[in-house]
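Okay, so here's the structure we're looking at.
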Amino acid sequence: MSRIAVVGGGAWGTALADLLARKGETVTLWAREPEVVEAVNRHHTNPVFLPGASLEPGLRAEGDLAAAVRGAEVVVSAAPSHAVRPVMAQAAAAFPKGGERPLVVSVSKGLDPERLERPSSVLGDVLPPGTPVAVLSGPSFAQEVYERQPTAVVAAAADHGVAQRAQRVFSVAYFRVYSHTDVVGVELAGALKNVIAIAAGILEGLGLGYNTRAAVITRGLAEITRLGVALGAEPMTFAGLAGMGDLILTATGALSRNRSLGVALGQGQTFAQAQAGKATVAEGVNTARTAVALGERHGVELPIAHEVADVLFRGKAPRQAVTDLMERDLKAEQWR
């Protein structure tokens with residue numbers, strides 16, 4: 001039995017905390033929202049972010065971040081990507097000053113919007129030197145993981161031994177974890193697929209069919225791969241669970257918040273209208289702007305991400321965005 005702290009009480013953090021508690025680990029879930037802490041401890045539910053889910057009674061929630069992580073052997077970083085830096089910097093202050101550091105596993109799927117950094121890079125900045133860090137990603141809706149539907153994901157770390165430690169922590173009969181060493185590829189794939197999922201949703205909202213959806217998913221995977229390779233990722237990573245697997249899920253699945261946002265935009269809503277009443281912002285929103293900036297920095301064309309950003313932030317009509325994509329200069333399928 002291990003002591004595990006899950007930092008972030010959203011749907012994904014809650015589902016993973018429940019998985020680990022049901023596995024028999026001693027799990028503390030930190031949540032910023034007092035109502036989430038109270039609901040988990042008193043009713044074994046998280047009605048704000050995972051409604052209708054009856055959580056493992058042994059799972060305990062905590063509103064004090066230092067108390068949640070103190071003494072933990074594994075810390076799961078599950079905050080939204082824009083909040084990873086401040087939240088985990090605060091958590092790191094409670095890590096032991098000497099001795100063995102806890103294993104930190106990042107499960108956030110996004111990019112730091114200010115510094116254009118991957119979550120593991122952010123963790124490298126804020127955690128004590130020598131802290132082992134792994135990332136977990138792949139096609140995994142929180143609701144279906146909670147329901148114990150068979151799911152396969154990937155744990156990656158530069159040191160394969162660290163990846164294998166994370167693999168052992170999360171693996172249960174219905175949640176299969178593969179190991180990998182391409183941290184850059186796994187994280188970029190998990191972040192950038194959200195942008196393509198918004199694009200796929202826009203097409204659905206416009207009433208376009210399967211031909212168009214297949215085209216945007218395939219060409220979206222191509223531009224994700226181009227940017228990833230330019231940043232040092234292995235191209236084959238994007239054909240795996242973190243790449244193709246998560247992209248297909250997020251671009252087509254009814255539970256995808258990014259796809260649902262795209263559908264609303266395609267049906268004529270503004271971003272503000274589509275976001276009204278939502279507890280959280282889909283990760284693909286900030287990632288669209290960040291992806292465009294990264295592409296410009298590294299000289300990589302990201303036509304789909306550009307169009308999604310224009311629809312989100314510049315009021316471009318979705319149907320015009322589709323037209324502009326289709327009427328671009330003709331190219332070979334494999335190009336840089």
Side-chain angles (χ1 to χ4, degrees), residues 1-31 40 46 49-50 53 55-56 58-61 68-69 72-79 81 84 88 91 100-110 118-120 123 127 131-183 185-187 189-191 237 240-243 245-246 249-250:
M1 184 181 294
S2 300
R3 292 193 60 188
I4 300 176
V6 178
V7 179
W12 189 218
T14 302
L16 289 176
D18 181 71
L19 177 152
L20 293 166
R22 290 181 187 279
K23 187 181 178 182
E25 313 292 5
T26 301
V27 184
T28 302
L29 175 68
W30 174 79
V40 171
N46 183 345
F49 297 110
L50 199 63
L55 304 175
E56 169 61 32
L59 174 62
R60 185 175 68 87
V69 303
E73 299 159 77
V74 179
V75 176
V76 181
S77 174
S81 56
V84 169
M88 290 305 294
E100 187 175 355
R101 307 291 189 193
L103 168 65
V104 177
V105 183
S106 170
V107 300
S108 304
K109 295 181 180 180
R118 294 173 289 108
S120 68
L123 293 175
L127 298 178
T131 303
V133 175
V135 302
L136 186 79
S137 194
S140 48
F141 284 143
Q143 180 65 38
E144 293 188 359
V145 170
Y146 164 75
E147 293 169 355
R148 305 188 208 181
Q149 296 193 28
T151 300
V153 297
V154 58
D159 179 338
H160 193 221
V162 173
Q164 289 175 314
R165 284 180 62 191
Q167 182 181 38
R168 290 191 294 270
V169 168
F170 287 95
S171 291
V172 294
Y174 60 93
F175 195 74
R176 182 172 176 83
V177 184
Y178 291 83
S179 61
H180 210 311
T181 55
D182 182 13
V183 177
V186 168
E187 284 190 295
T237 299
L241 289 165
D246 210 1
L249 178 79
T250 314

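Hydrogens, waters and symmetry mates play no part in the numbers below; they use all other heavy atoms, side chains included. Just so it is clear, the structure is predicted and the values come from calculations on it, not from any experiment.
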(message) Can you confirm whether V69 sits close enough to W30 that some side-chain heavy atom of one is under 4.5 Å from a side-chain heavy atom of the other?
(response) no

(message) Test of understanding: with side-chain hydrogen bond (donor to acceptor under 3.5 Å, both in side chains), list the residues that count as partners of T14, not counting sequence neighbours.
(response) N46

(request) Specify the closest pair of heavy atoms between G13 and A78, including all atoms of both residues, with the distance to one decimal. (result) CA-CB, 3.9 Å

If you look only at distance, which donor and acceptor atoms sit under 3.5 Å apart when one is on a side chain in residues 163-175 and the other is two or more places apart or in another chain?
residue : atom : partner : partner atom : Å
Q167    : NE2  : V177    : O            : 2.8
S171    : OG   : Q167    : O            : 2.6

(message) Walk me through whether L241 and H180 qualify under side chain to side chain contact (heavy atoms under 4.5 Å, CB included).
(response) CA-CA 11 Å; L241 289 165; H180 210 311; over 6 Å; no

(request) Can you see which heavy atom on P102 is nearest to which on T131, and at what distance? (result) O-CG2, 3.5 Å

(request) List the atom of L136, the atom of A155, and the distance in Å for their closest heavy-atom pair. (result) CD1-CB, 4.0 Å

(request) Please list, chain by chain and in numerical order, all residues satisfying side-chain contact (heavy atoms from CB on, under 4.5 Å) with S140, sequence neighbours excluded. (result) W12, K109, V145, T151, V153

(message) What's the separation between atom OG in S77 and atom CG in L127, rounded to the nearest 0.5 Å?
(response) 8.0 Å

(request) Could you list the residues that satisfy side-chain contact (heavy atoms from CB on, under 4.5 Å) with T26, not counting sequence neighbours? (result) M1, R3

(request) Please report the C-alpha distance between V162 and V133 in whole Å, then the side-chain angles of each, then the deciding distance to 0.1 Å, and finally whether the side chain to side chain contact (heavy atoms under 4.5 Å, CB included) criterion is met. (result) CA-CA 7 Å; V162 173; V133 175; over 6 Å; no

(request) Would you list the pairs meeting salt bridge (Lys or Arg N to Asp or Glu O under 4.0 Å) in which at least one residue belongs to residues 5-23, sequence neighbours left out? (result) D18-R22, R22-E56

(message) Counting C-beta onward and ignoring hydrogens, is there a side-chain heavy-atom pair between R101 and P132 closer than 4.5 Å?
(response) yes

(request) Rounded to the nearest 0.5 Å, what's the gap from CZ on R118 to OG on S81? Could you check? (result) 13.5 Å

(request) Quick one: closest heavy-atom pair of P119 and G110, and the distance? (result) CD-O, 3.2 Å

(request) List in chain and number order the residues that pass side-chain contact (heavy atoms from CB on, under 4.5 Å) with E147, two or more places apart in sequence or in another chain; answer none if no residue qualifies. (result) Q143, E144, Q149

(request) Any chance you could measure L29, atom CG, to L55, atom CG, to the nearest 0.5 Å? (result) 8.5 Å

(request) Answer yes or no: is there a side-chain heavy-atom contact under 4.5 Å between P139 and D246? (result) yes

(request) Indicate the atoms forming the closest heavy-atom contact of A11 with F49, along with that distance. (result) CB-O, 3.3 Å

(request) Give the minimum heavy-atom separation between A21 and V27, together with the two atoms involved. (result) N-CG2, 3.6 Å

(message) For A189, give me all partners under side-chain contact (heavy atoms from CB on, under 4.5 Å), at least two apart in sequence or on another chain.
(response) F238, A242

(message) In the structure I gave you, are the side-chain heavy atoms of V74 and E25 within less than 4.5 Å of one another anywhere?
(response) no

(request) Answer yes or no: is there a side-chain heavy-atom contact under 4.5 Å between V84 and S106? (result) no

(request) For R148, check side-chain hydrogen bond (donor to acceptor under 3.5 Å, both in side chains) against everything at least two apart and list the hits. (result) none

(message) To the closest 0.5 Å, what do you measure between CG (L59) and OG1 (T28)?
(response) 8.0 Å

